[in-house]
Amino acid sequence: MELEFHGAGAPARTEPKTVGVSARSSRAANVLRWFTTVILFATFLGLGTAIAILGPTFQDLARNVNRNISSLSEIFVGRAFGYMSGFVLGGILFDRMNHFLLLGVSLVVTTVGLYFIPFCKTAVLLIVMMSVMGVSFSILDTGGNVLILDIWGHEGAPHMQALHFSFALGAFLAPILAKLVLGTSVSAENHTEPAFQPPATNGSSEADSSPLFGLPDDMNLLWAYASTSTYIFIVSLFLFALFFKKSSGQEKAKPSAQGYRRAEYHKTLLCLLFLFFFFYVGGEVTYGSYVFSFATTYAGMEEREAAGLNSIFWGTFAACRGLAIFFAACLQPGTMIVLSNIGSLASSLFLVLFNKSPLCLWIATSVYGASMAATFPSGVSWIEQYTTISGKSAAFILIGGALGQMAIPAVVGVVQGQYLDLPVVLYSCLGAALFTALIFPVMHKVATLPLDRQRKEDIKSKKRKALSSSPRI
(Lines give C-alpha, C1' and ligand atoms only; values in the text may rest on other atoms or scores of the structure.)
Protein backbone atom coordinates (compact mmCIF):
# COMPACT_ATOMS: atom_id res chain seq x y z
CA MET A 1 0.00 0.00 0.00
CA GLU A 2 2.83 2.40 0.79
CA LEU A 3 4.42 1.71 -2.57
CA GLU A 4 1.09 2.22 -4.30
CA PHE A 5 0.58 5.49 -2.44
CA HIS A 6 3.99 6.86 -3.39
CA GLY A 7 3.57 5.63 -6.93
CA ALA A 8 0.22 7.34 -7.27
CA GLY A 9 1.45 10.50 -5.62
CA ALA A 10 4.65 10.83 -7.61
CA PRO A 11 3.06 12.41 -10.68
CA ALA A 12 1.29 14.94 -8.49
CA ARG A 13 4.59 16.05 -6.95
CA THR A 14 6.40 16.32 -10.30
CA GLU A 15 3.59 18.12 -12.14
CA PRO A 16 4.39 21.63 -10.76
CA LYS A 17 8.01 21.17 -11.82
CA THR A 18 6.89 20.16 -15.31
CA VAL A 19 4.60 23.16 -15.54
CA GLY A 20 7.37 25.45 -14.28
CA VAL A 21 9.87 24.10 -16.80
CA SER A 22 7.30 24.45 -19.57
CA ALA A 23 6.55 28.05 -18.58
CA ARG A 24 10.25 28.94 -18.45
CA SER A 25 10.91 27.34 -21.84
CA SER A 26 7.92 29.19 -23.29
CA ARG A 27 9.23 32.52 -21.96
CA ALA A 28 12.71 31.76 -23.29
CA ALA A 29 11.27 30.91 -26.70
CA ASN A 30 9.27 34.15 -26.73
CA VAL A 31 12.34 36.21 -25.77
CA LEU A 32 14.35 34.51 -28.52
CA ARG A 33 11.58 35.21 -31.03
CA TRP A 34 11.53 38.91 -30.16
CA PHE A 35 15.32 39.10 -30.17
CA THR A 36 15.42 37.53 -33.64
CA THR A 37 12.80 39.99 -34.86
CA VAL A 38 14.77 42.99 -33.58
CA ILE A 39 17.91 41.69 -35.32
CA LEU A 40 15.94 41.40 -38.57
CA PHE A 41 14.79 45.02 -38.12
CA ALA A 42 18.43 46.06 -37.66
CA THR A 43 19.35 44.07 -40.77
CA PHE A 44 16.77 45.88 -42.90
CA LEU A 45 17.87 49.23 -41.47
CA GLY A 46 21.37 48.50 -42.74
CA LEU A 47 20.00 47.19 -46.04
CA GLY A 48 18.05 50.40 -46.66
CA THR A 49 21.11 52.51 -45.85
CA ALA A 50 23.40 50.42 -48.07
CA ILE A 51 21.02 50.63 -51.05
CA ALA A 52 20.13 54.32 -50.68
CA ILE A 53 23.68 55.57 -50.06
CA LEU A 54 24.43 55.23 -53.78
CA GLY A 55 22.11 58.14 -54.64
CA PRO A 56 23.78 60.97 -52.67
CA THR A 57 27.29 59.61 -53.40
CA PHE A 58 26.82 58.85 -57.10
CA GLN A 59 28.61 62.01 -58.26
CA ASP A 60 31.52 61.29 -55.92
CA LEU A 61 31.84 57.74 -57.24
CA ALA A 62 31.73 58.98 -60.83
CA ARG A 63 34.51 61.44 -60.07
CA ASN A 64 36.44 58.68 -58.34
CA VAL A 65 36.53 56.56 -61.53
CA ASN A 66 37.07 59.58 -63.80
CA ARG A 67 33.69 59.30 -65.52
CA ASN A 68 30.65 61.55 -65.82
CA ILE A 69 27.26 60.60 -64.44
CA SER A 70 25.61 59.63 -67.73
CA SER A 71 28.40 57.31 -68.78
CA LEU A 72 28.23 55.54 -65.42
CA SER A 73 24.53 54.69 -65.64
CA GLU A 74 25.49 51.03 -66.19
CA ILE A 75 26.00 50.82 -62.44
CA PHE A 76 22.21 50.69 -61.93
CA VAL A 77 21.80 48.01 -64.59
CA GLY A 78 24.57 45.93 -63.00
CA ARG A 79 23.03 46.21 -59.57
CA ALA A 80 19.58 45.34 -60.94
CA PHE A 81 20.87 42.19 -62.66
CA GLY A 82 22.68 41.22 -59.47
CA TYR A 83 19.47 41.83 -57.55
CA MET A 84 17.48 39.53 -59.83
CA SER A 85 20.17 36.84 -59.79
CA GLY A 86 20.19 37.00 -56.00
CA PHE A 87 16.43 36.40 -55.85
CA VAL A 88 16.83 33.19 -57.84
CA LEU A 89 19.86 32.08 -55.81
CA GLY A 90 18.30 33.08 -52.49
CA GLY A 91 15.04 31.27 -53.27
CA ILE A 92 17.00 28.04 -53.81
CA LEU A 93 19.38 28.41 -50.86
CA PHE A 94 16.73 29.38 -48.30
CA ASP A 95 15.02 26.02 -48.76
CA ARG A 96 18.31 24.13 -48.33
CA MET A 97 20.42 25.81 -45.63
CA ASN A 98 20.11 27.62 -42.32
CA HIS A 99 18.48 31.02 -42.73
CA PHE A 100 20.62 32.82 -40.17
CA LEU A 101 23.85 31.51 -41.68
CA LEU A 102 22.81 32.63 -45.16
CA LEU A 103 21.80 36.09 -43.94
CA GLY A 104 25.02 36.45 -41.96
CA VAL A 105 27.16 35.53 -44.96
CA SER A 106 25.19 37.97 -47.14
CA LEU A 107 25.82 40.76 -44.64
CA VAL A 108 29.53 39.97 -44.64
CA VAL A 109 29.57 40.18 -48.46
CA THR A 110 27.76 43.52 -48.22
CA THR A 111 30.30 44.71 -45.64
CA VAL A 112 33.26 43.82 -47.87
CA GLY A 113 31.62 45.43 -50.89
CA LEU A 114 30.90 48.68 -49.06
CA TYR A 115 34.46 48.83 -47.76
CA PHE A 116 35.96 48.37 -51.24
CA ILE A 117 33.63 50.60 -53.30
CA PRO A 118 35.30 53.94 -52.34
CA PHE A 119 38.68 52.47 -53.38
CA CYS A 120 37.50 51.44 -56.89
CA LYS A 121 39.30 53.48 -59.55
CA THR A 122 37.82 51.90 -62.70
CA ALA A 123 34.19 51.90 -63.79
CA VAL A 124 34.21 48.18 -64.67
CA LEU A 125 35.38 47.20 -61.19
CA LEU A 126 32.81 49.49 -59.59
CA ILE A 127 29.99 47.94 -61.65
CA VAL A 128 31.15 44.42 -60.76
CA MET A 129 31.22 45.29 -57.06
CA MET A 130 27.71 46.73 -57.29
CA SER A 131 26.48 43.59 -59.07
CA VAL A 132 27.90 41.35 -56.34
CA MET A 133 26.33 43.52 -53.69
CA GLY A 134 23.03 43.36 -55.59
CA VAL A 135 23.07 39.58 -55.12
CA SER A 136 23.56 39.94 -51.35
CA PHE A 137 20.89 42.68 -51.19
CA SER A 138 18.25 40.45 -52.78
CA ILE A 139 19.14 37.48 -50.56
CA LEU A 140 18.69 39.71 -47.50
CA ASP A 141 15.40 41.04 -48.89
CA THR A 142 14.06 37.54 -49.51
CA GLY A 143 15.30 36.16 -46.20
CA GLY A 144 13.89 38.95 -44.07
CA ASN A 145 10.38 38.55 -45.47
CA VAL A 146 10.45 34.75 -45.21
CA LEU A 147 11.77 34.77 -41.64
CA ILE A 148 9.16 37.23 -40.37
CA LEU A 149 6.43 35.01 -41.79
CA ASP A 150 8.16 31.93 -40.40
CA ILE A 151 8.47 33.41 -36.90
CA TRP A 152 5.09 35.11 -36.48
CA GLY A 153 2.70 33.40 -38.93
CA HIS A 154 -0.80 34.93 -38.81
CA GLU A 155 0.41 37.50 -36.24
CA GLY A 156 3.10 38.78 -38.59
CA ALA A 157 1.31 41.73 -40.24
CA PRO A 158 2.52 44.45 -37.77
CA HIS A 159 6.01 42.94 -37.73
CA MET A 160 6.11 42.86 -41.53
CA GLN A 161 5.19 46.56 -41.59
CA ALA A 162 7.90 47.28 -38.99
CA LEU A 163 10.45 45.36 -41.07
CA HIS A 164 9.80 47.49 -44.13
CA PHE A 165 9.65 50.64 -42.02
CA SER A 166 13.18 49.83 -40.89
CA PHE A 167 14.22 49.69 -44.54
CA ALA A 168 12.56 53.05 -45.26
CA LEU A 169 14.21 54.56 -42.18
CA GLY A 170 17.62 53.39 -43.39
CA ALA A 171 16.97 54.88 -46.83
CA PHE A 172 15.97 58.14 -45.15
CA LEU A 173 19.14 58.22 -43.01
CA ALA A 174 21.54 57.46 -45.89
CA PRO A 175 21.64 60.96 -47.48
CA ILE A 176 21.81 62.53 -44.02
CA LEU A 177 24.85 60.44 -43.18
CA ALA A 178 26.53 60.89 -46.56
CA LYS A 179 26.00 64.62 -47.08
CA LEU A 180 24.75 66.40 -43.98
CA VAL A 181 26.84 64.68 -41.31
CA LEU A 182 30.05 64.02 -43.25
CA GLY A 183 29.53 66.42 -46.17
CA THR A 184 31.73 66.65 -49.24
CA SER A 185 34.94 68.50 -49.87
CA VAL A 186 34.95 68.46 -53.70
CA SER A 187 32.62 70.42 -55.93
CA ALA A 188 30.43 68.36 -58.26
CA GLU A 189 29.66 71.07 -60.80
CA ASN A 190 31.62 69.38 -63.57
CA HIS A 191 29.59 66.22 -63.21
CA THR A 192 26.03 67.53 -63.26
CA GLU A 193 23.98 67.13 -66.44
CA PRO A 194 20.46 68.05 -67.56
CA ALA A 195 17.74 65.50 -67.01
CA PHE A 196 16.65 63.04 -69.72
CA GLN A 197 19.74 63.62 -71.86
CA PRO A 198 21.35 60.66 -73.65
CA PRO A 199 24.56 59.49 -71.99
CA ALA A 200 27.77 60.87 -73.42
CA THR A 201 30.63 58.45 -72.93
CA ASN A 202 34.09 59.71 -72.37
CA GLY A 203 36.22 56.76 -73.24
CA SER A 204 39.54 58.32 -72.39
CA SER A 205 42.70 56.28 -72.32
CA GLU A 206 43.51 57.75 -68.91
CA ALA A 207 40.54 55.99 -67.35
CA ASP A 208 41.57 52.68 -68.93
CA SER A 209 45.16 52.93 -67.71
CA SER A 210 44.29 53.98 -64.17
CA PRO A 211 44.98 51.54 -61.29
CA LEU A 212 42.21 49.29 -60.02
CA PHE A 213 42.33 50.52 -56.42
CA GLY A 214 43.34 53.77 -54.75
CA LEU A 215 42.33 56.30 -52.13
CA PRO A 216 39.28 58.39 -53.10
CA ASP A 217 39.65 62.08 -53.83
CA ASP A 218 37.07 62.88 -51.17
CA MET A 219 37.87 61.09 -47.90
CA ASN A 220 34.36 61.81 -46.61
CA LEU A 221 33.17 59.32 -49.24
CA LEU A 222 35.32 56.68 -47.57
CA TRP A 223 34.00 57.49 -44.09
CA ALA A 224 30.36 57.35 -45.28
CA TYR A 225 30.77 53.86 -46.72
CA ALA A 226 33.01 52.66 -43.89
CA SER A 227 30.55 53.70 -41.17
CA THR A 228 27.68 51.97 -42.98
CA SER A 229 29.69 48.78 -43.53
CA THR A 230 30.84 48.72 -39.90
CA TYR A 231 27.25 48.83 -38.68
CA ILE A 232 26.28 46.03 -41.08
CA PHE A 233 29.21 43.89 -39.92
CA ILE A 234 28.13 44.28 -36.27
CA VAL A 235 24.61 43.14 -37.18
CA SER A 236 26.05 40.10 -39.00
CA LEU A 237 27.72 38.98 -35.75
CA PHE A 238 24.30 38.73 -34.09
CA LEU A 239 23.00 36.64 -37.00
CA PHE A 240 25.93 34.25 -36.64
CA ALA A 241 25.21 34.09 -32.90
CA LEU A 242 21.61 33.09 -33.69
CA PHE A 243 22.92 30.43 -36.08
CA PHE A 244 25.15 28.90 -33.40
CA LYS A 245 22.32 29.14 -30.88
CA LYS A 246 20.05 27.13 -33.15
CA SER A 247 22.81 24.64 -33.93
CA SER A 248 23.74 24.06 -30.27
CA GLY A 249 20.07 23.66 -29.35
CA GLN A 250 19.75 20.98 -32.04
CA GLU A 251 16.35 22.31 -33.06
CA LYS A 252 14.96 21.73 -36.49
CA ALA A 253 13.31 24.67 -38.12
CA LYS A 254 9.59 24.39 -38.60
CA PRO A 255 7.99 25.37 -41.91
CA SER A 256 5.99 28.14 -40.27
CA ALA A 257 4.23 29.07 -37.06
CA GLN A 258 0.84 27.94 -38.39
CA GLY A 259 1.96 24.86 -40.33
CA TYR A 260 2.33 24.26 -44.02
CA ARG A 261 -0.65 25.20 -46.18
CA ARG A 262 -1.00 25.24 -49.95
CA ALA A 263 -3.86 27.04 -51.65
CA GLU A 264 -5.81 25.32 -54.39
CA TYR A 265 -4.64 27.94 -56.90
CA HIS A 266 -1.18 28.44 -55.40
CA LYS A 267 0.68 29.11 -58.65
CA THR A 268 -2.05 31.40 -59.99
CA LEU A 269 -1.90 33.48 -56.81
CA LEU A 270 1.88 33.79 -57.08
CA CYS A 271 1.65 34.91 -60.72
CA LEU A 272 -0.99 37.52 -59.90
CA LEU A 273 1.06 38.83 -56.97
CA PHE A 274 4.09 38.90 -59.30
CA LEU A 275 2.18 41.28 -61.61
CA PHE A 276 0.81 43.24 -58.67
CA PHE A 277 4.33 43.93 -57.33
CA PHE A 278 5.62 44.62 -60.85
CA PHE A 279 3.28 47.58 -61.30
CA TYR A 280 3.37 48.74 -57.67
CA VAL A 281 7.16 48.86 -57.32
CA GLY A 282 7.51 50.25 -60.85
CA GLY A 283 5.16 53.14 -60.06
CA GLU A 284 6.82 53.85 -56.71
CA VAL A 285 10.38 53.90 -58.07
CA THR A 286 9.39 55.82 -61.21
CA TYR A 287 7.82 58.69 -59.30
CA GLY A 288 10.53 58.75 -56.66
CA SER A 289 13.26 58.81 -59.33
CA TYR A 290 11.76 61.33 -61.75
CA VAL A 291 9.70 63.69 -59.60
CA PHE A 292 12.62 66.12 -59.24
CA SER A 293 13.31 66.24 -63.00
CA PHE A 294 9.58 66.46 -63.78
CA ALA A 295 9.09 69.35 -61.35
CA THR A 296 11.99 71.37 -62.82
CA THR A 297 11.51 70.66 -66.55
CA TYR A 298 7.71 70.42 -66.82
CA ALA A 299 6.12 72.11 -63.79
CA GLY A 300 8.58 75.02 -63.81
CA MET A 301 9.69 74.67 -60.20
CA GLU A 302 13.03 75.87 -58.91
CA GLU A 303 15.53 73.25 -57.83
CA ARG A 304 14.99 73.91 -54.14
CA GLU A 305 11.21 73.47 -54.51
CA ALA A 306 11.68 70.35 -56.60
CA ALA A 307 14.01 68.88 -54.00
CA GLY A 308 11.39 69.60 -51.34
CA LEU A 309 8.75 67.86 -53.46
CA ASN A 310 11.02 64.85 -53.76
CA SER A 311 11.70 64.87 -50.02
CA ILE A 312 8.03 65.08 -49.07
CA PHE A 313 7.27 62.02 -51.20
CA TRP A 314 9.84 59.87 -49.38
CA GLY A 315 9.11 61.55 -46.04
CA THR A 316 5.39 60.71 -46.10
CA PHE A 317 6.30 57.29 -47.44
CA ALA A 318 8.55 56.54 -44.46
CA ALA A 319 6.20 58.15 -41.91
CA CYS A 320 3.15 56.18 -43.05
CA ARG A 321 5.17 52.98 -43.09
CA GLY A 322 5.78 53.62 -39.42
CA LEU A 323 2.08 54.30 -38.76
CA ALA A 324 1.17 51.15 -40.68
CA ILE A 325 2.75 49.12 -37.86
CA PHE A 326 -0.11 50.17 -35.58
CA PHE A 327 -2.80 50.01 -38.27
CA ALA A 328 -1.79 46.43 -39.11
CA ALA A 329 -2.64 45.40 -35.55
CA CYS A 330 -6.33 46.27 -36.05
CA LEU A 331 -6.83 46.05 -39.84
CA GLN A 332 -6.62 43.06 -42.14
CA PRO A 333 -3.86 43.14 -44.83
CA GLY A 334 -6.51 43.06 -47.56
CA THR A 335 -8.23 46.13 -46.09
CA MET A 336 -4.92 48.01 -45.99
CA ILE A 337 -4.22 47.10 -49.62
CA VAL A 338 -7.65 48.37 -50.71
CA LEU A 339 -7.18 51.67 -48.84
CA SER A 340 -3.69 52.05 -50.33
CA ASN A 341 -4.98 51.35 -53.84
CA ILE A 342 -7.76 53.93 -53.47
CA GLY A 343 -5.32 56.56 -52.20
CA SER A 344 -2.69 55.94 -54.90
CA LEU A 345 -5.30 55.87 -57.69
CA ALA A 346 -6.98 59.09 -56.51
CA SER A 347 -3.70 60.97 -55.93
CA SER A 348 -2.14 59.89 -59.26
CA LEU A 349 -5.32 60.95 -61.10
CA PHE A 350 -5.14 64.28 -59.24
CA LEU A 351 -1.51 64.66 -60.36
CA VAL A 352 -2.44 64.11 -64.00
CA LEU A 353 -5.38 66.52 -63.95
CA PHE A 354 -3.58 69.34 -62.10
CA ASN A 355 0.01 68.73 -63.16
CA LYS A 356 1.03 72.40 -63.34
CA SER A 357 -0.46 73.62 -60.08
CA PRO A 358 2.26 73.79 -57.39
CA LEU A 359 -0.22 73.47 -54.52
CA CYS A 360 -1.90 70.45 -56.09
CA LEU A 361 1.47 68.86 -56.75
CA TRP A 362 2.47 69.20 -53.11
CA ILE A 363 -0.81 67.77 -51.79
CA ALA A 364 -1.07 64.93 -54.31
CA THR A 365 2.59 63.97 -53.89
CA SER A 366 2.13 63.73 -50.13
CA VAL A 367 -0.96 61.55 -50.50
CA TYR A 368 0.71 59.41 -53.16
CA GLY A 369 3.75 58.74 -50.97
CA ALA A 370 1.54 57.93 -47.97
CA SER A 371 -0.66 55.61 -50.02
CA MET A 372 2.27 53.63 -51.42
CA ALA A 373 3.85 53.01 -48.01
CA ALA A 374 1.95 49.97 -46.71
CA THR A 375 1.21 48.15 -49.98
CA PHE A 376 4.29 45.94 -50.28
CA PRO A 377 4.40 44.48 -46.73
CA SER A 378 0.61 44.14 -46.74
CA GLY A 379 0.80 42.13 -49.96
CA VAL A 380 3.25 39.66 -48.43
CA SER A 381 1.13 39.34 -45.27
CA TRP A 382 -2.05 38.97 -47.33
CA ILE A 383 -0.92 35.98 -49.38
CA GLU A 384 0.39 34.22 -46.26
CA GLN A 385 -3.22 34.04 -45.06
CA TYR A 386 -4.07 31.67 -47.90
CA THR A 387 -0.88 29.78 -48.74
CA THR A 388 2.54 29.18 -47.20
CA ILE A 389 5.37 31.23 -48.71
CA SER A 390 8.60 29.27 -49.11
CA GLY A 391 11.96 30.70 -50.14
CA LYS A 392 11.30 30.03 -53.84
CA SER A 393 7.81 31.54 -53.67
CA ALA A 394 9.10 34.69 -51.95
CA ALA A 395 11.91 34.99 -54.50
CA PHE A 396 9.43 34.67 -57.38
CA ILE A 397 7.11 37.44 -56.23
CA LEU A 398 10.06 39.69 -55.32
CA ILE A 399 11.47 39.22 -58.83
CA GLY A 400 8.24 40.83 -60.05
CA GLY A 401 9.03 43.92 -58.00
CA ALA A 402 12.64 43.93 -59.20
CA LEU A 403 11.54 43.73 -62.85
CA GLY A 404 9.09 46.59 -62.33
CA GLN A 405 11.81 48.62 -60.63
CA MET A 406 14.09 48.10 -63.63
CA ALA A 407 11.69 48.09 -66.60
CA ILE A 408 9.11 50.80 -65.93
CA PRO A 409 11.54 53.64 -65.02
CA ALA A 410 13.73 52.74 -68.01
CA VAL A 411 10.78 52.87 -70.44
CA VAL A 412 9.50 56.10 -68.88
CA GLY A 413 12.95 57.70 -69.24
CA VAL A 414 13.10 56.86 -72.95
CA VAL A 415 9.53 57.97 -73.70
CA GLN A 416 9.85 61.15 -71.63
CA GLY A 417 12.98 62.04 -73.61
CA GLN A 418 10.96 61.81 -76.83
CA TYR A 419 7.90 63.74 -75.56
CA LEU A 420 9.19 66.54 -73.37
CA ASP A 421 5.88 68.42 -73.50
CA LEU A 422 3.89 65.56 -71.92
CA PRO A 423 3.89 64.44 -68.24
CA VAL A 424 4.81 60.85 -69.12
CA VAL A 425 5.95 60.22 -65.54
CA LEU A 426 2.49 61.01 -64.19
CA TYR A 427 0.75 58.95 -66.86
CA SER A 428 2.88 55.94 -65.97
CA CYS A 429 2.10 56.31 -62.25
CA LEU A 430 -1.63 56.54 -63.00
CA GLY A 431 -1.41 53.45 -65.20
CA ALA A 432 0.50 51.53 -62.52
CA ALA A 433 -2.07 52.52 -59.86
CA LEU A 434 -4.90 51.46 -62.16
CA PHE A 435 -3.36 48.05 -62.81
CA THR A 436 -2.76 47.37 -59.11
CA ALA A 437 -6.33 48.43 -58.30
CA LEU A 438 -7.66 45.97 -60.90
CA ILE A 439 -5.35 43.05 -60.09
CA PHE A 440 -6.05 42.86 -56.36
CA PRO A 441 -9.81 42.04 -56.63
CA VAL A 442 -8.89 39.24 -59.03
CA MET A 443 -6.30 37.94 -56.53
CA HIS A 444 -8.84 38.08 -53.72
CA LYS A 445 -11.43 36.21 -55.79
CA VAL A 446 -8.95 33.46 -56.73
CA ALA A 447 -7.83 33.10 -53.10
CA THR A 448 -11.35 32.90 -51.65
CA LEU A 449 -12.93 30.82 -54.43
CA PRO A 450 -12.37 27.47 -52.66
CA LEU A 451 -13.69 28.98 -49.40
CA ASP A 452 -16.86 30.22 -51.13
CA ARG A 453 -17.38 26.80 -52.70
CA GLN A 454 -16.95 25.09 -49.33
CA ARG A 455 -19.32 27.58 -47.69
CA LYS A 456 -22.01 26.87 -50.31
CA GLU A 457 -21.61 23.12 -49.84
CA ASP A 458 -21.95 23.53 -46.06
CA ILE A 459 -25.17 25.54 -46.52
CA LYS A 460 -26.59 22.87 -48.84
CA SER A 461 -25.70 20.08 -46.42
CA LYS A 462 -27.35 21.96 -43.54
CA LYS A 463 -30.52 22.41 -45.61
CA ARG A 464 -30.57 18.70 -46.45
CA LYS A 465 -30.16 17.79 -42.79
CA ALA A 466 -32.97 20.19 -41.82
CA LEU A 467 -35.32 18.71 -44.41
CA SER A 468 -34.50 15.13 -43.44
CA SER A 469 -35.06 15.84 -39.73
CA SER A 470 -38.35 17.77 -40.17
CA PRO A 471 -41.56 15.94 -38.97
CA ARG A 472 -43.55 14.22 -41.72
CA ILE A 473 -47.34 13.98 -41.81
Side-chain angles (χ1 to χ4, degrees), residues 36-37 39-44 46-48 50-51 78-114 128-153 156 160 163-164 167 229 232-233 235-257 260 262 266-267 270-271 273-274 277 376-377 380 383-384 387-403 405-406:
T36 305
T37 305
I39 296 303
L40 290 176
F41 292 164
T43 301
F44 263 55
L47 178 63
I51 291 178
R79 190 174 70 172
F81 275 111
Y83 217 80
M84 292 182 60
S85 303
F87 280 134
V88 177
L89 181 63
I92 297 173
L93 293 178
F94 262 95
D95 293 334
R96 287 171 170 79
M97 63 182 295
N98 185 277
H99 295 172
F100 299 112
L101 177 61
L102 185 57
L103 289 180
V105 172
S106 300
L107 282 182
V108 171
V109 173
T110 304
T111 300
V112 175
L114 288 173
V128 170
M129 293 296 297
M130 281 294 180
S131 300
V132 174
M133 287 179 58
V135 175
S136 64
F137 288 160
S138 56
I139 291 177
L140 292 168
D141 197 356
T142 305
N145 287 280
V146 171
L147 274 177
I148 285 294
L149 295 175
D150 185 60
I151 293 171
W152 294 99
M160 183 67 69
L163 184 74
H164 288 270
F167 179 89
S229 56
I232 291 176
F233 177 72
V235 176
S236 70
L237 298 179
F238 287 98
L239 287 171
F240 286 125
L242 287 172
F243 164 67
F244 288 117
K245 169 68 176 176
K246 290 288 184 179
S247 300
S248 61
Q250 297 180 351
E251 298 176 354
K252 292 184 178 180
K254 298 179 181 179
S256 64
Y260 182 81
R262 186 178 178 90
H266 177 80
K267 294 182 179 179
L270 292 181
C271 291
L273 195 60
F274 178 97
F277 282 159
F376 192 94
V380 179
I383 195 172
E384 181 66 16
T387 186
T388 299
I389 299 298
S390 62
K392 292 180 182 178
S393 301
F396 178 74
I397 60 179
L398 291 174
I399 286 174
L403 282 175
Q405 178 182 356
M406 183 172 61

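Since we're looking at a predicted model, the values are computed, not measured.
Sparse packing is recorded around CZ of F233, with 12 or fewer heavy atoms of other residues, nucleotides or ligands lying under 6.0 Å away. The environment of F274 atom CZ is dense: over 12 non-hydrogen atoms of other residues, nucleotides or ligands sit within 6.0 angstrom. Heavy-atom contacts from other residues, nucleotides or ligands closer than 6.0 Å to CZ of F238 number 12 or fewer.
Looking at T36 and L147, their side chains never come closer than 4.5 Å, going by heavy atoms from C-beta outward. Contact annotation: the side chain of F167 never approaches that of D141 to less than 4.5 Å [non-hydrogen atoms, C-beta and beyond]. Taking 4.5 Å as the limit, some side-chain heavy atom of V108 sits within range of a side-chain heavy atom of F240. The shortest distance between side-chain heavy atoms of H164 and N145 falls below 4.5 Å. Between F44 and I148 there is no side-chain heavy-atom pair separated by less than 4.5 Å. Using a 4.5 Å heavy-atom threshold, the side chains of L270 and I383 count as touching.
The CG atom of N98 sits 10.0 Å away from the CZ atom of F244 when rounded to the nearest 0.5 Å. Going from atom CG of L114 over to atom CD1 of I232 covers 5.0 Å, rounded to the nearest 0.5 Å. To the nearest 0.5 Å, atoms CD1 (I397) and CZ (F277) are separated by 5.0 Å. L102 CG to L93 CG: the interatomic distance, rounded to the nearest 0.5 Å, is 5.5 Å. We find the CD1-OG1 distance between I399 and T142 to be 8.0 Å, quoted to the nearest 0.5 Å. In this structure, OG1 in T37 is found 5.0 Å from CH2 in W152, a value given to the nearest 0.5 Å.
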Subject >> Criterion side-chain contact (heavy atoms from CB on, under 4.5 Å) on L398 and F376, from CA distance to verdict >> reply: CA-CA 10 Å; L398 291 174; F376 192 94; 3.1 Å; yes
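The two atoms that bring S236 and G104 nearest to each other are CB-O, 4.0 Å, heavy atoms only. Minimum heavy-atom separation, G143 to L103: CA-CD2, 4.0 Å. The nearest pair of heavy atoms linking F137 to L47 is CD2-CD1, 3.5 Å. Between S136 and S106 the shortest heavy-atom distance is CB-O, 3.6 Å. When all heavy atoms of M84 and A402 are compared, the pair lying nearest together is CG-CB, 4.0 Å. Closest heavy-atom contact between L163 and L40: CD1-O, 3.6 Å.
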